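Here the structure is laid out as structure tokens; the discussion comes afterwards.
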There are 2 protein chains.
Amino acid sequence: MPDRPPRRSDATRTAILVAARERFASDGYERATIRAIAKDARIDPSMVMRYYGSKEGLFDAALDVDLHIPDPRELRQHTVGETLVGHFLTLWEENNDALTAMLRVSVTNPAGAERLQRIFRDQLLPVARHICPDPEQAPARAGLVASQILGMALARYVLKLPAAVALAREEVIAWLAPTVRRYLTAPHP
Amino acid sequence: MPDRPPRRSDATRTAILVAARERFASDGYERATIRAIAKDARIDPSMVMRYYGSKEGLFDAALDVDLHIPDPRELRQHTVGETLVGHFLTLWEENNDALTAMLRVSVTNPAGAERLQRIFRDQLLPVARHICPDPEQAPARAGLVASQILGMALARYVLKLPAAVALAREEVIAWLAPTVRRYLTAPHP
DNA sequence: GGTGTTGGTCAACGAATGTTGGCCAACGGC
DNA sequence: GCCGTTGGCCAACATTCGTTGACCAACACC
């Protein structure tokens with residue numbers, strides 16, 4: 001995106017975005033009111049409208065994160081599981097608010113669901129297409145991987161199931177990597 | 001629960017519950033308004049209040065489903081994966097509205113999250129405790145199983161990722177059962 | 001057949017929400 | 001130093017929500 005000239009209000013704009021991510025992540029779309037977000041950012045609710053047009057516009061701006069999935073060509077069959085699971089764990093811990101918000105909202109809001117759908121289609125499907133034996137099976141295999149990765153994200157970061165939260169990063173990788181590799185490379189059962 | 005004497009309004013009561021499950025499942029807690037539920041059930045919104053006290057009371061009543069997880073003692077090491085995954089698929093397809101609603105709401109509403117947490121703790125943990133080698137690892141293993149099963153439910157029934165929806169029941173079982181068995185019985189990596 | 005009880009509707013309330021427009025102060029180029 | 005532009009606040013709007021209480025109709029019982 002083109003970097004526009006810096007404006008005097010940039011600090012406020014990002015303060016709004018930060019507060020919005022936190023609120024969307026912890027409360028979901030409906031309960032995260034513009035008034036609450038504005039109060040967190042210590043500005044007037046009308047500023048949110050002026051800068052982002054509407055609540056939906058704010059949501060779009062707040063969740064504009066880049067997943068930067070690894071290049072499929074760098075993946076190897078026997079390490080693809082560790083690489084992908086590790087990548088997603090890192091990603092989630094670095095952008096916890098934004099990603100938790102996206103998942104939380106995707107479950108309630110149709111537009112959010114479509115966005116999440118597009119992300120996984122655009123980013124995970126190429127990996128499957130590149131690494132799995134029969135390209136025709138790539139969508140199914142990508143869907144399986146998505147189910148396990150999203151499921152762990154759901155249990156660990158959204159529902160916060162104690163058993164899932166307690167797992168160390170290395171344990172999650174050790175358990176999930178073989179699953180992901182099998183979904184991508186094992187022969188169709 | 002004690003079966004109370006049949007009332008003249010039982011038809012209306014269940015009509016409200018059916019409509020509520022559909023609305024909660026498709027719209028989530030906040031967007032499922034009492035007015036919309038009442039209109040679906042062809043009665044006045046105030047009836048919902050009279051019969052169920054409040055919106056939260058209606059939600060509790062609508063989601064009172066029994067998971068009836070298989071008895072752990074009937075499970076065998078080499079079939080536990082097929083049994084559990086098949087059971088959850090059947091359960092979800094028979095009570096699609098109620099379970100989708102519960103998952104959808106659990107992601108937004110803290111009380112819903114706690115309910116889902118309790119369900120998995122009370123029902124899945126005993127299975128893990130009975131079947132996995134070291135009882136001390138049972139919580140972690142149950143959490144892993146929950147992440148995969150909830151993840152498939154999320155992808156297939158809530159987000160409706162095309163790749164996950166397209167899978168036939170037997171394919172889901174064939175792919176997920178080895179994962180579940182491994183999470184429960186494989187030695188700690 | 002009168003009467004109390006139950007099933008149901010109607011109209012309204014108070015609160016909260018997204019959103020809008022008007023107003024004021026501070027900044028920046030000339 | 002003047003004045004347009006920008007950043008920000010305040011007050012209010014219309015709508016929608018959950019919830020309430022008054023009121024009416026149909027049933028059941030003696």
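The structure displayed is predicted, hence computed values, not measured ones. Throughout, protein chains are lettered first and strands after them, A, B, ... in sequence-line order, and every chain is numbered starting at 1.
Across the protein-nucleic acid pair, A:K55 atom NZ and C:dA16 atom P stand 15 Å apart, rounded to whole Å. Remark: P of C:dT6 and CZ of B:R13 are 11 Å apart, rounded to the nearest angstrom. Between B:E30 atom CD and C:dT17 atom P there is a gap of 11 Å when expressed in whole angstrom units. Rounded to whole Å, the distance from CZ on B:R42 to C1' on C:dT9 is 16 Å. Rounded to an integer number of Å, the gap from CD1 of B:I43 to C1' of C:dT6 is 16 Å. C:dC10 atom P lies 18 Å from atom CD1 of B:I34, rounded to whole Å. Spacing between atom CG of A:D44 and atom P of C:dG18 amounts to 13 Å, rounded to whole angstrom units. One atom, CD1 of A:I16, and another, P of D:dG7, lie 11 Å apart when rounded to the nearest Å.
Atom CG in A:L161 sits 7.0 Å away from atom CG in B:L116 (nearest 0.5 Å). Note: A:H188 NE2 to B:W175 CH2 = 6.0 Å, rounded to the nearest 0.5 Å.
The side chain of A:T12 contributes an N or O atom lying less than 4.0 Å from OP1 or OP2 of D:dG8.
The residue A:Y52 sits apart from the nucleic acid: no heavy atom pair falls under 4.0 Å. Backbone-only contact: A:S54 has heavy atoms under 4.0 Å from sugar-phosphate atoms and none from a base.
Under the 4.5 Å side-chain criterion, counting only non-hydrogen atoms from C-beta, A:I16 is in contact with A:Y51. Side-chain atoms of A:L58 and A:I37, non-hydrogen and from C-beta on, do get closer than 4.5 Å to each other. Residues B:V107 and B:V158 are not in side-chain contact: their nearest non-hydrogen atoms beyond the backbone lie 4.5 Å or more apart.
Looking at which nucleotide of DNA chain D each of A:Y51 and B:G53 is closest to, the 5′-most match is held by A:Y51. Judged by closest nucleotide on DNA chain D, A:M47 is the one of A:M47 and B:R50 placed further toward the 5' end. Both A:S46 and A:R31 lie close to DNA chain C; mapped to their nearest nucleotides by heavy-atom distance, the more 5′-ward contact belongs to A:R31.
Between C:dT20, C:dC10, D:dC10, one nucleotide has an atom nearer to the side chain of A:M49 than all others, and that is C:dT20.
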